[in-house]
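Worth saying up front: this structure is predicted, and the values here are computed from it rather than measured.
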Amino acid sequence: MFIRRAFFLFCIPLILMGFASAHAQATDERLAQFEQIIQDEMAYYNIPGTAVAIIEGDEVIYAQGFGYRNVEDQLPFTTETRFRVGSTTKSMTSLLIAQLVDDGLLAWDTPVTDILPDFALSDSELTAQITVADLMGMATGLVSNTFDAFDWWEWEIDSLLDAVATQTINGEFRASHNYNNEVYALAGYVGAVASGLEPTLTSYQSLMQTRLFDPIGMASAIIADDHSQLGDNYAEPYEPDVLSAAGTVSRMIDAPIALVAPAGGVWVNIEDMAKYVITQMNGGVTPDGARIVSAGESRGHVGARRIARFGRCARLRRCTLWNGLAAQHVPRHPHAPA
């Protein structure tokens, strides 16, 4: 729950584009009020560090870090601090798939077995029905095994396929919601194979680098579990320490995601995350004006076109951001300046 709250706090400033537009000439007083809201929420939710960006048009007009990225050493959280963005990675993976659809390498309704012949479930009829879009819709009926996450670090593609093959089927296909990281991760490897690559983490990393991170200008973006690859400025994970005084946090184990990276493995700083959001807001056009996905595919991603209720699409304004919570409207914060 702590991680979800931290993620939500990170997302709110990126979603509140209207705040920036309505107050482009914000006074120092309003800015101070805005920053106080962030600090109040951090204190309320016991969050040691976060970063905030406000976007207007194609520009980041405000970016600031708050608190600490490393509590023990009192290292500040800055705009250059890398942090894992969790399931927002899913929207990046589906954007990658949209690019491949643009290139004619696959279609949203391509059966998964056409690309991954070893994909098989306990129900052969369901196996044949599941398409590329379904992998990203959270409505296959497949129920993830919670304990599988303990083994992610050692998985290769065969292990991922085996795990999905043994998942329980519970609920009507395309009509019931079951959050499933393993199924979503398969979409990244469908993309790799459709691109003529092996279904490996390295292939997925390469595709994301060349098709998303480099064109958008996300120099800090990286898919990694090894902290030594993150440089000197990255956020350590924390959780409330329920055995200590209120407001105390303790360091968490940053468990490796490994092959399940297409469902949650991206690290990035707030400045580059803002570039990604601008690209989404522009319908696939980067802050520098380069189109990386067609307007049609940008508007017609998974959630809007195929699995309207549960889909996670690449367009943040149309799809869920975290466990089914829609981000189409954010109510005004009770402490926000009038």
Side-chain angles (χ1 to χ4, degrees), residues 1-11 42 45-53 63-93 147-156 159-160 181-182 184-185 188-189 200-210 212-214 216-241 248-276 322:
M1 183 60 70
F2 170 77
I3 296 175
R4 293 183 187 179
R5 285 172 175 169
F7 175 82
F8 184 61
L9 178 61
F10 155 69
C11 280
M42 289 176 65
Y45 289 112
N46 200 16
I47 296 172
T50 190
V52 174
Q64 183 65 46
F66 295 85
Y68 298 107
R69 60 182 171 85
N70 183 310
V71 174
E72 295 83 3
D73 296 330
Q74 299 284 281
L75 300 178
F77 206 120
T78 73
T79 58
E80 296 181 350
T81 299
R82 280 176 164 141
F83 51 99
R84 182 169 269 161
V85 298
S87 283
T88 302
T89 301
K90 292 180 172 68
S91 73
M92 300 178 186
T93 296
F147 294 104
D148 278 346
F150 291 104
D151 297 325
W152 285 354
W153 66 275
E154 60 182 355
W155 281 5
E156 298 295 339
S159 303
L160 178 58
N181 283 309
E182 292 85 10
Y184 205 109
Y189 303 107
T200 64
L201 178 57
T202 299
S203 295
Y204 172 73
Q205 291 168 319
S206 176
L207 283 174
M208 292 290 282
Q209 189 69 47
T210 58
L212 268 73
F213 301 157
D214 288 346
I216 296 174
M218 299 169 68
S220 70
I222 186 173
I223 300 168
D225 286 319
D226 183 355
H227 285 188
S228 69
Q229 299 180 36
L230 302 177
D232 297 328
N233 193 346
Y234 64 89
E236 297 284 0
Y238 293 92
E239 62 184 346
D241 190 340
T248 304
V249 295
S250 59
R251 180 80 68 86
M252 295 172 61
I253 296 174
D254 197 1
I257 295 177
L259 203 76
V260 186
V266 170
W267 293 73
V268 67
N269 66 31
I270 190 68
E271 295 175 347
D272 289 341
M273 189 66 192
K275 293 177 184 178
Y276 174 69
W322 191 268

Checklist entry - More than 12 foreign heavy atoms under 6.0 Å from CD of Gln229: is that the case here? => result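 For Gln229, atom CD is crowded (more than 12 foreign heavy atoms under 6.0 Å).
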Next on the checklist: Taking OH in Tyr68 as the centre, count heavy atoms belonging to other residues, nucleotides or ligands within less than 6.0 Å. Is the count above 12?
Outcome noted: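 No, because the 6.0 Å sphere around OH of Tyr68 holds 12 heavy atoms or fewer from other groups.
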For [X] versus [Y], what's the shortest heavy-atom pair and its separation?
{"X": "Ala51", "Y": "Phe83", "answer": "CB-CE2, 4.3 Å"}
{"X": "Phe77", "Y": "Ala235", "answer": "CE1-CB, 3.7 Å"}
{"X": "Gln64", "Y": "Thr79", "answer": "N-CG2, 3.5 Å"}

Does a side chain donor of either [X] or [Y] reach within less than 3.5 Å of an acceptor in the other side chain?
{"X": "Tyr276", "Y": "Ser91", "answer": "yes"}
{"X": "Asn233", "Y": "Arg69", "answer": "yes"}
{"X": "Asp214", "Y": "Gln209", "answer": "yes"}
{"X": "Ser87", "Y": "Lys90", "answer": "yes"}

Enter the distance from [X]:[atom1] to [Y]:[atom2] here, rounded to the nearest 0.5 Å.
{"X": "Ile253", "Y": "Arg251", "atom1": "CD1", "atom2": "CZ", "value": "11.0 Å"}
{"X": "Thr78", "Y": "Ile270", "atom1": "OG1", "atom2": "CD1", "value": "11.0 Å"}
{"X": "Gln205", "Y": "Ile222", "atom1": "CD", "atom2": "CD1", "value": "8.0 Å"}
{"X": "Glu182", "Y": "Asp148", "atom1": "CD", "atom2": "CG", "value": "5.5 Å"}
{"X": "Leu230", "Y": "Asn269", "atom1": "CG", "atom2": "CG", "value": "11.5 Å"}
{"X": "Met208", "Y": "Ile223", "atom1": "CE", "atom2": "CD1", "value": "4.5 Å"}

Would you confirm whether [X], through its side chain, and [Y], through its main-chain N or O, come within 3.5 Å as a donor-acceptor pair?
{"X": "Thr210", "Y": "Ser206", "value": "yes"}
{"X": "Asp225", "Y": "Ala258", "value": "yes"}
{"X": "Lys275", "Y": "Gly217", "value": "yes"}

Next on the checklist: Would Trp152 and Asn181 count as a side-chain contact (heavy atoms from CB on, under 4.5 Å) here? Give the steps.
Outcome noted: CA-CA 11 Å; Trp152 285 354; Asn181 283 309; 4.1 Å; yes
Can you check whether [X] reaches [Y] side chain to side chain, under 4.5 Å on heavy atoms?
{"X": "Glu236", "Y": "Val71", "result": "no"}
{"X": "Ile257", "Y": "Arg84", "result": "yes"}
{"X": "Met92", "Y": "Phe213", "result": "yes"}
{"X": "Glu271", "Y": "Ser220", "result": "no"}
{"X": "Glu154", "Y": "Ser159", "result": "no"}
{"X": "Tyr189", "Y": "Leu201", "result": "yes"}
{"X": "Val249", "Y": "Asn46", "result": "yes"}
{"X": "Asn70", "Y": "Tyr238", "result": "yes"}

Checklist entry - Hey, is Asp232 close enough to Arg82 for a salt bridge, meaning N to O under 4.0 Å? => result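 Judged by the 4.0 Å cut-off on N to carboxylate O distance, Asp232 and Arg82 do not form a salt bridge.
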Which donor-acceptor pairs under 3.5 Å do side chains of residues 259-267 form with protein atoms, sequence neighbours excluded?
unit_1	atom_1	unit_2	atom_2	d
Trp267	NE1	Ala224	O	3.1

Checklist entry - Going through the distances and angles, do Asp254 and His227 end up as a side-chain contact (heavy atoms from CB on, under 4.5 Å)? => result CA-CA 9 Å; Asp254 197 1; His227 285 188; 2.7 Å; yes
